[in-house]
Amino acid sequence: MGDLLEKIRPQLNEQQLDAVTTADGPLLILAGAGSGKTRVLTYRSAYLIAECGVSPFNILAVTFTNKAANEMRTRMESLVGAAVRDMQVSTFHSFAARVLRRFGDKTGLGRDFTIYDEEDAVALLKQCMVDLNINPKAHSPRKVKEYISSAKDKMIGPDAYKATAASFFNKIVAEIYPRYQQRLQDSSALDFDDLLYRTVQLLTACTDVLESLQNKYRYIMVDEYQDTNHTQYLLVSKLAARYKNICVVGDDDQSIYGWRGADIGNILKFEDDFPGCKVVRLEQNYRSTQTILRAASNVVSNNCSRKSKTLFSKGELGDKIILLSTDDDASEAGAVADSIEDLIRTEKAPRSGIAVLYRTNAQSRAIEETLKKRFIPYTIVGGIRFYQRKEIKDSLAYLKIISNPKDIISFRRIVNYPSRGLGNVALAAIEAEAASKNLSPVELALVSNGDFLRSQARTGFLQLAGVVRSLITAKRDLPPDRYVEAAINISGVRAEVMTGDAIESESRKENLDELIAAVKEYCQQNPTAAIEAFLEEITLYTDVDSWDESADVVTLMTLHSAKGLEFPAVFITGLEEGLLPHSRSLDKDRDIEEERRLFYVGITRARNHLFLTYARSRRRFASAVSNESRFLAELPAETLRFVSAQKHASYPTQNMSASLPNTAVSADRYRHLAVGRWVVHPTWGPGRIIARQGADESTMIDVMFQYVGRKKLLAKYADLEVKDY
DNA sequence: GCACATAGTATTTTT
DNA sequence: TACTATGTGC
């Protein structure tokens with residue numbers, strides 16, 4: 001006793017220690033960026049176990065990503081050793097899946113349900129629309145899915161939805177929603193939202209289940225509480241209702257998932273939900289330099305709806321933030337690559353400490369191409385995920401129909417892949433025959449001789465039946481990893497992948513091998529686990545989960561994925577109106593504020609070096625022009641250093657001499673009037689250059705003046721004085 | 001029923 | 001720009 005406390009005490013400041021050692025009752029930790037909030041959560045769990053005699057069985061910690069869960073587990077292991085194994089640390093979704101499987105007999109779902117990822121769910125939804133004679137082209141299934149998701153997030157079922165549907169589109173959704181739920185049920189499948197929705201339903205309907213879980217999880221910790229949606233809120237508050245030992249950590253300034261139903265109100269009203277709750281503020285930042293923190297605070301202070309916090313840092317002042325203005329996306333990428341090379345050369349920065357962030361995945365392309373050309377090793381987090389690749393999903397579909405023969409989406413996926421001569425006509429016949437016998441198509445394959453089909457299709461169907469039988473035997477006789485390997489071969493997926501062009505098929509083949517290796521590794525770590533557990537884990541996997549942070553490469557990812565991470569050097573690219581803030585959020589103040597928080601999250605990822613870049617023109621669809629992001633004007637001038645990047649020039653980092661690149665600009669006599677510069681006009685006062693055209697006598701300068709708005713000026717005559725800093 | 005070509009369309013973030 | 005869906009020709 002006391003050992004752990006002695007050990008951790010010197011590592012914590014007063015507020016952190018206060019949070020860590022508050023054992024009982026509701027606790028709200030309002031934590032700023034870089035204040036060590038996940039660490040506090042971890043230490044608190046360890047404290048409960050080591051100092052308060054709480055059994056690890058009685059603690060539940062919920063996070064949003066597997067990565068966060070794993071990190072917490074690893075850290076705890078070093079504090080309390082093997083005891084972590086008995087503590088439940090999971091994501092919301094995997095926790096829900098676990099509860100639903102455990103109480104499968106009470107949900108009408110059984111234990112062997114399949115979880116549909118977004119792609120599967122949309123495919124099923126589209127099917128429902130076709131069934132109902134609703135043209136999927138007139139109303140995009142993805143949009144319908146969004147509406148259904150947001151209904152489920154609010155615990156609104158098909159009936160309630162129908163009752164309140166007002167708009168034209170709501171009414172269409174109301175028609176599809178019940179059918180979609182029915183078909184999910186028929187397929188013994190759940191979508192992501194269902195995991196939470198049905199768990200809350202279960203806890204509401206079965207008080208005995210609720211009570212037993214309340215008694216089990218006497219201590220509950222929730223990370224990133226600002227990102228919880230209504231169902232997640234209900235889930236944790238129901239679980240905590242009895243003992244009220246709930247500790248939530250969050251930062252309203254980092255709420256960036258509002259579009260997905262996250263309700264910032266949850267954290268704002270926590271004190272009302274749990275009266276007598278203790279509030280601890282963690283306002284000391286341990287991550288960033290003063291300069292970076294100052295810039296971040298200034299940006300986010302432009303938001304109206306927030307719990308105001310004053311972040312402070314005892315760290316060094318640090319270098320100025322570099323603002324790189326570039327011509328287009330290619331030169332932006334070039335400037336990023338130049339700066340990366342400089343960081344590596346002059347600062348001896350490891351590549352693993354450098355991240356390039358962007359708003360949309362599409363932006364990674366240009367950067368990727370440039371890094372490739374410059375031989376700068378990189379890795380991309382996100383984009384097309386491994387488990388979303390076609391050959392992988394095809395292989396998994398074979399595994400899924402064996403584990404859950406009712407899974408109609410997986411069946412449709414593989415019924416004619418590889419090609420067996422089973423087209424739309426045959427598929428319809430199979431489904432009709434199955435329905436008439438009250439079987440799923442896979443079950444039908446095991447009992448039917450195919451006599452309801454024409455000869456060619458019959459052969460194909462019998463072939464498929466043969467595959468199914470072999471897979472069932474293989475599953476019975478082989479350990480999971482060998483079974484997966486066998487399945488890839490038996491199904492014909494491997495052979496199919498080998499056809500087609502050589503480079504493509506080589507990489508597909510590698511992917512299949514990687515899948516086998518992944519199962520193998522999973523089996524080693526979970527020797528008793530069945531293949532179904534693996535299937536569940538990978539559908540609930542996220543991009544960041546698979547990110548190897550120790551690899552000596554530069555990391556590329558979206559701003560969203562970067563939340564919770566930190567890097568010595570960060571580039572935030574594409575700081576343009578329409579991109580950050582994104583065009584889809586321009587018309588609502590609320591959405592703009594969320595974009596601003598996204599920018600804030602990006603800035604606060606950086607420890608020492610921050611680079612902001614934007615392109616004066618960017619190829620998006622057809623055209624071209626872009627204006628610099630309004631958020632740049634919210635950065636305090638003295639935290640910035642402006643650099644106008646030119647193609648193929650080299651770009652100074654902070655500690656190199658202050659010389660601007662001059663190779664390409666020497667002919668430009670107005671180069672001091674670069675985009676982004678602050679200027680003062682004798683009549684109109686201070687303003688900022690937002691665009692310019694030309695580099696000769698007729699150069700036009702576009703200035704946004706602080707008091708009089710936007711003006712276009714001829715550089716030759718405009719008496720602009722550059723405010724230098 | 002299949003494969004290929006062409007046209008049209010959709011482009012934010014993701015558990 | 002890139003992918004998908006549809007249509008056409010076999």
Side-chain angles (χ1 to χ4, degrees), chain A residues 62-69 90-97 115-119 121-123 126 135-137 140-143 145-146 149 152-153 190-197 224 227-229 231-232 255-262 329 357-366 381-385 388 390 416-428 453-457 459-460 499-500 536-545 557-563 574 578-586 591 594-595 597-599 601-602 618-623:
Chain A
V62 206
T63 61
F64 276 84
T65 65
N66 296 291
K67 186 178 189 317
S90 15
T91 64
F92 272 100
H93 292 265
S94 61
F95 174 72
I115 301 167
Y116 280 170
D117 66 17
E118 207 55 28
E119 188 189 340
V122 168
K126 196 174 160 195
N135 185 1
K137 270 199 217 154
S140 106
R142 276 179 61 187
K143 197 176 165 204
K145 177 77 207 326
E146 250 172 60
S149 279
K152 286 181 181 173
D153 280 351
L190 298 178
D191 64 18
F192 286 143
D193 310 307
D194 280 338
L195 288 171
L196 302 164
Y197 177 71
E224 310 279 16
D227 286 334
T228 49
N229 64 26
T231 41
Q232 286 160 337
S255 163
I256 54 173
Y257 284 106
W259 53 275
R260 214 171 68 193
D329 40 7
L357 310 181
Y358 35 78
R359 175 68 233 260
T360 67
N361 277 311
Q363 289 167 254
S364 69
R365 200 186 192 84
V381 178
I384 311 132
R385 289 186 249 182
Q388 305 258 90
K390 186 181 178 310
N416 199 33
Y417 183 87
S419 173
R420 304 184 176 90
L422 299 169
N424 285 332
V425 177
L427 177 62
L453 290 165
R454 292 170 48 171
S455 68
Q456 192 194 6
T459 315
T499 65
E536 173 174 316
E537 186 165 310
I538 60 175
T539 43
L540 295 179
Y541 237 64
T542 65
D543 300 320
V544 255
D545 295 337
M557 66 173 104
T558 63
L559 287 158
H560 281 88
S561 317
K563 197 178 69 168
L579 214 47
L580 184 66
H582 194 268
S583 51
R584 287 224 181 170
S585 55
L586 292 180
D591 295 345
E594 183 152 314
E595 296 288 307
R597 289 193 292 266
L598 193 52
F599 184 39
V601 166
R618 184 179 297 272
R619 267 185 316 230
R620 292 235 296 156
F621 330 124
S623 71

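Below, chain A is the first sequence line, B the second, and so on; all start at residue 1.
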field: Residue list, ring pair (Phe, Tyr, Trp, His ring centres under 6.0 Å) with A/Tyr358, at least two apart or on another chain
entry: none
- prompt: So what does A/Ser419 hit on the nucleic acid, given a heavy-atom distance under 4.0 Å: a base, only sugar-phosphate, or nothing?
  reply: sugar-phosphate
query: Rounded to whole angstrom units, what separation is found between the CZ atom of A/Arg142 and the P atom of B/dT14?
result: 12 Å
query: With a non-hydrogen cut-off below 4.0 angstrom, is A/Ala426 in contact with a base, only sugar-phosphate, or nothing?
result: sugar-phosphate
- prompt: Just wondering, do A/Asp194 and A/Tyr116 contact through their side chains at under 4.5 Å, heavy atoms?
  reply: no
- request: Please determine if A/Arg597 and A/Glu594 form a salt bridge, counting it only when a charged side-chain N lies under 4.0 Å from a carboxylate O.
  value: yes
- prompt: To the nearest angstrom, how far is A/Glu594 atom CD from B/dT13 atom P?
  reply: 14 Å
message: Need one value for A/Arg454: base, sugar-phosphate or nothing, where a base atom within 4.0 Å counts as base even if backbone is also close, heavy atoms only.
response: nothing
- prompt: If we only count heavy atoms from C-beta on, is the A/His93 to A/Leu196 side-chain gap below 4.5 Å?
  reply: yes
Nearest-angstrom distance from the residue atom NE2 of A/His582 to C1' of B/dT14: 15 Å
message: At 4.0 Å (heavy atoms only), tell me whether A/Phe192 reaches a base, stays on the sugar-phosphate, or touches nothing.
response: base
message: Counting C-beta onward and ignoring hydrogens, is there a side-chain heavy-atom pair between A/Arg359 and A/Thr558 closer than 4.5 Å?
response: no
- prompt: Does B/dT13 have OP1 or OP2 sitting under 4.0 Å from an N or O in the side chain of A/Asn361?
  reply: yes
message: At less than 4.0 Å, is any side-chain N or O atom of A/Ser583 found next to OP1 or OP2 of B/dT12? Yes or no.
response: no
field: Nearest-angstrom distance from the residue atom CD1 of A/Ile256 to P of B/dT13
entry: 12 Å
query: Would you say a side-chain N or O of A/Arg420 is under 4.0 Å from OP1 or OP2 of B/dG1?
result: no
- prompt: Nearest-Å distance, NZ (A/Lys67) to P (B/dT15)?
  reply: 13 Å
- request: Pick base, sugar-phosphate or nothing for A/Asp117, based on heavy-atom distances below 4.0 Å to the nucleic acid.
  value: nothing
- prompt: B/dT13 base stacked by A/Trp259? Criteria: ring centres under 5.5 Å, plane angle under 30°.
  reply: yes
field: Nearest-Å distance for atom pair CG/P, residues A/Asn66 and B/dT15
entry: 9 Å
message: Can you check the distance between C/dA5 and B/dT12, where both ends of the measurement are the C1' atom (answer in whole Å)?
response: 23 Å
task: Please figure out whether A/Leu196 or A/Arg359 has its closest DNA chain B nucleotide nearer the 5' end.
output: A/Arg359
A/Ala362 or A/Asn424, whichever maps to the more 5' nucleotide of DNA chain B: A/Asn424
query: Which part of the nucleic acid does A/Lys126 contact within heavy-atom distance under 4.0 Å: base, sugar-phosphate only, or nothing?
result: sugar-phosphate
field: d(CZ, A/Arg597; P, B/dT13) in whole Å
entry: 18 Å
task: Go through A/Gln363 and A/Thr360 one step at a time and tell me if the side-chain hydrogen bond (donor to acceptor under 3.5 Å, both in side chains) criterion holds.
output: CA-CA 6 Å; A/Gln363 289 167 254; A/Thr360 67; 3.1 Å; yes
- prompt: Reckon A/Leu559 touches a base, only the sugar-phosphate, or nothing at all at heavy-atom distances under 4.0 Å?
  reply: nothing
query: OP1, OP2 of B/dT12 versus side-chain N and O of A/Arg260: anything below 4.0 Å?
result: no
- prompt: For B/dT14, does OP1 or OP2 lie under 4.0 Å from any side-chain N or O of A/Thr558?
  reply: yes
statement: From CD of A/Gln456 across to C1' of B/dC2 the rounded distance in Å is 10 Å
- line: Across all chains, not counting sequence neighbours, the ring pair (Phe, Tyr, Trp, His ring centres under 6.0 Å) partners of A/Tyr257 are A/Trp259, A/His560
query: What distance, rounded to whole Å, do you find between the two C1' atoms, one in C/dT4 and one in B/dT13?
result: 22 Å
message: Check this for me: does the side-chain of A/Arg584 come within 3.5 Å of the base of B/dT13 through a donor and an acceptor?
response: no
- prompt: Taking the six-membered ring for Trp, does A/His93 stack with B/dT15 (centroid gap under 5.5 Å, planes within less than 30°)?
  reply: no
